[in-house]
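First up is the structure itself, then whatever we jot down about it.
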Amino acid sequence: MNPPRSEGFVRMPDAEFEAILTRAAEEGAKRALADVGLDGDEAALDIRDLRSLVDCIRLVRRTAMQTAVRMITTGVMLAPLADIAIKLRIFSGST
């Protein structure tokens, strides 16, 4: 039995349409994972490893940013101290 047609459109029950969409989405996801090599028995482990790697990259990025801010802050704080030391000739020889 063919689904009823109306003005060039095919009508079907919502449940059947959702089942077709679900199956198409699952097949598309499987194909996409297979295309990038994330299929098979080790796929879940590979995805966990990738997530762990991304977390490590984020940690390194955050640590590098914090280190840069600390170095800049230290430089800004040391500049006036160095200026004072030079003006007071603290580090000059016996003059």
Q) Hydrophobic cluster mates of Leu81, side-chain heavy atoms under 4.5 angstrom, ILVMFWY only, any path? A) Leu78

(Q) For residues 73-84, which residue pairs pass the side-chain hydrogen bond (donor to acceptor under 3.5 Å, both in side chains) check, not counting sequence neighbours? (A) Asp83-Lys87

Would you give me the side-chain donor-acceptor pairs under 3.5 Å for residues 43-67, sequence neighbours excluded?
unit_1: Thr63; atom_1: OG1; unit_2: Leu59; atom_2: O; d: 2.8
unit_1: Thr67; atom_1: OG1; unit_2: Thr63; atom_2: O; d: 2.9

Name each donor-acceptor pair under 3.5 Å that joins a side chain in residues 19-42 to protein atoms two or more places apart or in another chain, with its distance.
unit_1: Thr22; atom_1: OG1; unit_2: Glu18; atom_2: O; d: 2.8

